[in-house]
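A quick write-up on the structure given underneath.
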Amino acid sequence: MRVVVVGQGYVGLPLAIRAAEVGHEVIGYDVDATRVKSLAAGVSYVEDVAADRIVAAMDKGTYRPSDAARDCGGFDVAVVTVPTPLRDGVPDLRYIEESARTLARYLRPGATVVLESTTYPGTTQELFARLLEDGSGLTAGPDFHLGYSPERIDPGNPVWGFQQTPKIVSGIDAASLKAVQDFYGGLVDTTVPVASPKEAELAKLLENTFRHVNIALVNEIAMFARHLDIDVWQAIDAASSKPFGFMKFTPGPGVGGHCLPIDPSYLSWRVERELGQSFRFVELANDINGHMPEYVTRRVTDAFNRRRRAVNGSKVLLLGLAYKKNTGDARESPSLRVSQLLLDMGAKVRAADPHVVETAAVDPRLVRVELTRKELAAADVVVLLTDHDAFDYDLVMQHAPFVLDCRRRLSGPTVEVL
């Protein structure tokens, strides 16, 4: 089939390349001309998609990146994988809307359109369908198939990649569900059908809200445990020995990526708007996780105070800018907030991260460096924010004068754990 994947980021690119590899004719459409140019040159900016896979698909003629809307014409299946950010706490669906208007111009009877972008329940049927219908003159259901299938990409996961992760699928009617399930059934090992797009939309938000709330729980416990002189990490390990009724979550400098800082707020917004009620768990988790960078900064300040030093003018080396280990994704990363806070306090901040390439969100005052013996020895404090496997942790323990470890990766007399 001719397949159009709108958006070639961390979600769209793995989907597009997988579809090309199974034999579909795929257009990877993205409005970012720079991104398209990189893809056309065989450059991958997504760790889960090796550059040679992109090159092989282009050489085979089954994948072509494009920033020209006209290349979307003639599609049998179109999948939308665009960002859904928050603007002042309100869902911003402009990219979904723009995608729907673009696809509507090329929508033909019998085609299938699937939304993958994370959003609040009701978006597919109340907003997305209407824009497709208005722009095409066709009716969802009788004229074309429409469904929702939430993305479940876990960047850097060596076990659960796109193909191995069960795919939730839905359609606005039985024919749409079949079309959506047939398409994804050829791409992944397992599909999980649900009754309608609303259930699929809620499932995605439930998954991320579950993680968000539990991370907030252990983050707050970690802060209390320190004041109570309790090793929270040992307590978590001990609790994890229970073979039932407990799932391990660990503290950290905050949450990042598109999922946890944003997605639960979509559900909270929908509940408040439609029901007039507050989603207290999400609001509390937002408050706790959102303030973890400030807590990390206070711990750095406390460490300087114990040494009768000021943060202003001191040298701080941050290890890790990505929100998650072994990835280059710095979207909403708490590391960026930590760096900004320390820079505002007058610290001379340098950062090492072998994975993060895109620097649009990085404070221009931040100096990027390699992790070397010289950089470690020159720092007054080293803060481990993202525990990439690529870091030489023996080197850190040997040469860093003091380390605040936010990921429990290090040990020794000069190491203090979050």
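Keep in mind that the numbers below use all heavy atoms, side chains included, and drop hydrogens, waters and symmetry copies.
- Between the side chains of Y295 and R299, a donor-acceptor pair is found at a separation under 3.5 Å.
- Screening residues 174-190 for side chain to side chain donor-acceptor pair (under 3.5 Å), with sequence neighbours left out, gives E116-Y184, Q163-D189, D173-S176, K178-D182, Q181-T191.
- Under a 3.5 Å cut-off, the side chain of D76 and the backbone N or O of M1 do not form any donor-acceptor pair.
- A side chain to side chain contact (heavy atoms under 4.5 Å, CB included) with V180 is found for one member of V169, V77, V79 and no other, namely V169.
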Report the C-alpha separation of K204 and E151 in whole Å, then their side-chain angles, then the decisive distance to 0.1 Å, and conclude whether the salt bridge (Lys or Arg N to Asp or Glu O under 4.0 Å) test is met.
CA-CA 8 Å; K204 172 62 176 179; E151 60 90 1; 3.4 Å; yes
Apply side-chain hydrogen bond (donor to acceptor under 3.5 Å, both in side chains) to residues S196 and E199 and explain how you reach the verdict.
CA-CA 6 Å; S196 80; E199 283 76 22; 2.4 Å; yes
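- Side chain of D353 to backbone of L321: a donor-acceptor contact under 3.5 angstrom is found.
- Of the possible polar contacts, none joining the R226 side chain to the L418 backbone as a donor-acceptor pair under 3.5 Å is found.
- Within a 6.0 Å radius of CZ in R87, more than 12 heavy atoms belonging to other residues, nucleotides or ligands are found.
- Remark: S66 engages D71 in a side chain to side chain donor-acceptor pair (under 3.5 Å) (not counting sequence neighbours).
- A donor-acceptor contact under 3.5 angstrom links the side chains of S265 and N286, judged on distance only.
- Put simply, the side chain of R407 never gets that close to the backbone of D387: no donor and acceptor are under 3.5 Å apart.
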